[in-house]
Amino acid sequence: MMNSDSPIALLTRQRELLQAEYAYEKEEFRRLTEATGIGRKVQRGMAWYPLSLGHAYRNSLDQLVVEVKAQMPLPDGGGSLFEPGKPVCFFSQDASGDFHNTGGMLHYFKFVAQVSYVEDNRMIVALPDGDAMEQIRAADRLGIQLYLDEYTYRLMFDALDRVIQARSGRLAELRDMFHSSAPIGKYTFDPVRFPWLNTSQQAAVNEVLWAKDVAVVHGPPGTGKTTTLVEAVYETLRRENQVLVCAQSNMAVDWIAEKLTDRGVSVLRVGNPTRVTDKMLSFTYERRFESHPLYDQLWAVRKAIRDIYASRSGSSDSRHQKISRLRDRADELEYAIREAIFADTRVVACTLTGSANHILDGMKFGTLFIDEAAQALEAACWIAIQKVHRVILAGDHRQLPPTVKSPEAMRGGLDRTLMQYIVEQKPQAVSLLRIQYRMAEEIMQFPNREFYGGLLTSAPEVKYRGILDWDTAVEWHEPLSATPVFEQPASRASNPSVLPPGKVGRGGAASSEQLPSDIAPSVFGEQGDGLSYSNPAEAEQTLRTLRDYFERIGKERIMEERIDVGIISPYKGQVGLLRKMLRRDSYWKPYRSLITVNTVDGFQGQERDIIIISLVRSNEDGNIGFLRDLRRMNVAITRARMKLIIIGDRATLCRHPFYRHLAQYVDDLAGAF
């Protein structure tokens, strides 16, 4: 009988939870496809309708693509879910249909296309073949909708099955080591000095070099995680010929790949070129393949094969013999080009799912580096781990977790990452980067206490940074007539409802406190439409507060120093509302290039001089929804370099211990000032 705590049992449970997530997504897709009106799909950002077709052409990758445009205005952020590389499907609607409901029958075309490029209401879509082009050209009342990405699920299921079934070999060893108390191995040699790194970064790089099995680089916001990881990769390449570098998102892969190319490292970017940044496009396998001296010969051979198929001259046997010889020659040329490309490559960079690309079949690597490992499902990590001997994880499990949509899968812990398991099971493998270079000290102190056990320090050059003299770095604004005055809180050790320093609350994990008597009733009002929440009064307060601060700084200085601003809200509804208000108010016209409005997820990995957070929730029940996932607040707070302004209804939010502590911290700063 299998031990319920055994590595195989744990991974079997992971597979069951992943199956629940897959089933949930399939049902959501079916429901949206069959039961949701087109207007609602457009509002959710999952569909464009109606469409007009532009010109079709072959792109540089020899893909047949077509330009499509949305004929009706999209809601703010409505097209944001369409991204390069995402699968999509086309549909048409019967003439009797109503845009706002399901009155007209929808007819889905039986092919899957892929987004190549998207901007505003214009999109370039790659089609599978010419037949698909003819079908959509002949259709009336055409629309496009996001399609379920089943390929990624298939890769994750296959990877888990192989790991679970492994009985010997390195894959079985890593599985058992990662999910048990089995010891990890370390090499013993003198540490290498890196004078350009700080002491904690140097220690982290050396731990990576000493690791025989696994190492974790824990990089809180602003601590130079990418700098440290690039140095670790660079130094590893002194000992190994080639390494594999992965991340969950294409953006994260491109970011570290760019830093490695800047260091002069030969990087091969593997994956869908439509998802790659312009800077990395020339490093993709496809571009390297096309630029090889033998490519012209290969193209000529392939053209000759197409010409023979198109021609009806000569006997059937003669044509088959010619095609067979030409195919053999094409295979030889393709193999030679591939071997030459990989012989000149030191780093293969791709997403975790991209590591399953057929061009990497049969390849093995000594070391796998996984960046942003705290945002990757464990199943996705195993896709790449199958190809390597040891694993280096980098990220911050105190920030955004992987996206899990199924409530059942979330409750079961599908969002619990491989990095979290290793941090808990193998603390000796973890190196914490301790010096941050982003935030003023007053901004850093609160997340440092709540999430990192007070272990972080500010670099001298940022410790006292600020925009205005005689200014507090953190403020909390709300439309109340009087600012609440808190009594000093009781000792945290004696109050079990208060999270101790360094502990992160999860959704519903922390008990709520009663509304403090010194906080006035809410005057805000959240609005929910079933898709998201917004708060018009709070949106007005957000922009009024920013305007007042801009007036204090002065337009000339803002424009000269390019002081940038991030307005963050956890809710898409509020993001859309704020964007609309910014566009309509002529006051903001000179500043629009300096102001970004987005969700917490959209700001991951970014930073701004000024950050304003609109928390939205305001109700008599103290319901704050997914604001209970405090990792999101950690991300939002730590985007700010010099000024952090929080806009929120204390009467609602401060029933939760974390937000009461935050409000107390802000009031203490104001009192000290």
Side-chain angles (χ1 to χ4, degrees), residues 60-61 83-85 116-119 194 196-197 201 204-205 208 217 219 221-238 240 242-291 341-342 344-355 357 359-360 365 367-376 384 392-396 399-400 433 437-438 564 566 596 598 601-608 639 641:
S60 61
L61 301 172
E83 298 174 352
S116 179
Y117 174 82
V118 61
E119 182 180 24
F194 306 98
W196 51 93
L197 300 180
Q201 291 171 337
V205 175
V208 168
V217 179
T223 54
K225 172 181 62 68
T226 301
T227 298
T228 306
L229 197 59
V230 166
E231 199 63 50
V233 172
Y234 191 84
E235 197 64 26
T236 299
L237 289 172
R238 295 179 182 273
E240 300 176 20
Q242 203 171 64
V243 301
L244 181 61
V245 175
C246 294
Q248 174 67 18
S249 68
N250 282 282
M251 185 182 299
V253 175
D254 286 337
W255 179 247
I256 190 169
E258 287 178 16
K259 297 301 180 183
L260 287 165
T261 57
D262 290 344
R263 286 289 297 270
V265 177
S266 174
V267 175
L268 180 66
R269 180 66 167 90
V270 172
N272 189 331
T274 61
R275 300 191 182 193
V276 175
T277 61
D278 291 341
K279 182 174 179 179
M280 290 308 301
L281 198 56
S282 62
F283 296 93
T284 60
Y285 179 81
E286 287 76 10
R287 288 296 173 87
R288 295 269 293 274
F289 195 91
E290 292 172 0
S291 63
I341 291 172
F342 279 100
D344 190 42
T345 296
R346 302 299 307 280
V347 171
V348 176
C350 58
T351 61
L352 291 163
T353 54
S355 66
N357 193 298
I359 66 172
L360 300 180
F365 301 86
T367 302
L368 164 65
F369 292 87
I370 303 180
D371 195 13
E372 302 295 357
Q375 289 184 266
I392 310 300
L393 304 167
D396 182 9
Q399 295 190 63
L400 289 180
L433 304 182
Y437 298 86
R438 175 185 299 168
D564 53 4
T596 306
N598 214 331
D601 299 61
F603 267 100
Q604 175 80 359
Q606 300 186 44
E607 57 186 77
R608 297 291 189 274
R639 300 309 95 192
R641 298 189 193 105

List for me each residue that meets side-chain hydrogen bond (donor to acceptor under 3.5 Å, both in side chains) alongside [X], sequence neighbours excluded, and say none if there are none.
X: Q399; result: D396, R639
X: D564; result: R641
X: T261; result: none
X: N357; result: none

- prompt: Going from CD on E231 to CH2 on W196, what distance comes out if it is rounded to the nearest 0.5 angstrom?
  reply: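 Atom-to-atom, E231:CD and W196:CH2 are 5.5 Å apart.
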- line: Separation between CG (D344) and CD (Q242), nearest 0.5 Å, reads 10.0 Å
Is there side-chain contact between [X] and [Y], with at least one heavy-atom pair below 4.5 Å?
X: E235; Y: V208; result: no
X: R263; Y: V233; result: no
X: E372; Y: V253; result: no
X: V230; Y: I256; result: yes

Suppose we screen for side-chain contact (heavy atoms from CB on, under 4.5 Å). Which residues come up paired with [X], at least two apart in sequence or across chains?
X: T367; value: T236, E240, V243, F369, R390, I392
X: A394; value: V217, K225, L229, D371
X: A384; value: L244, C246, L352, S355, L368
X: Q201; value: L197, N198, T228, L433, Y437

Compare every heavy atom of [Y] with every heavy atom of [X], then report the nearest pair and how far apart it is.
X: I341; Y: R288; value: O-NH2, 3.5 Å
X: V348; Y: F365; value: CG2-CE2, 3.9 Å
X: A252; Y: S249; value: N-OG, 3.1 Å
X: D601; Y: L400; value: CA-CD1, 3.7 Å

query: What pairs with R608 under salt bridge (charged side-chain N to carboxylate O under 4.0 Å, His left out), at least two apart in sequence or on another chain?
result: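 So R608 forms no salt bridge (charged side-chain N to carboxylate O under 4.0 Å, His left out) with any residue.
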query: What residues form a salt bridge (charged side-chain N to carboxylate O under 4.0 Å, His left out) with R346, not counting sequence neighbours?
result: none
field: Under the ring pair (Phe, Tyr, Trp, His ring centres under 6.0 Å) test, residues paired with F283 that sit two or more places apart
entry: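 Partners of F283 under the ring pair (Phe, Tyr, Trp, His ring centres under 6.0 Å) test: none.
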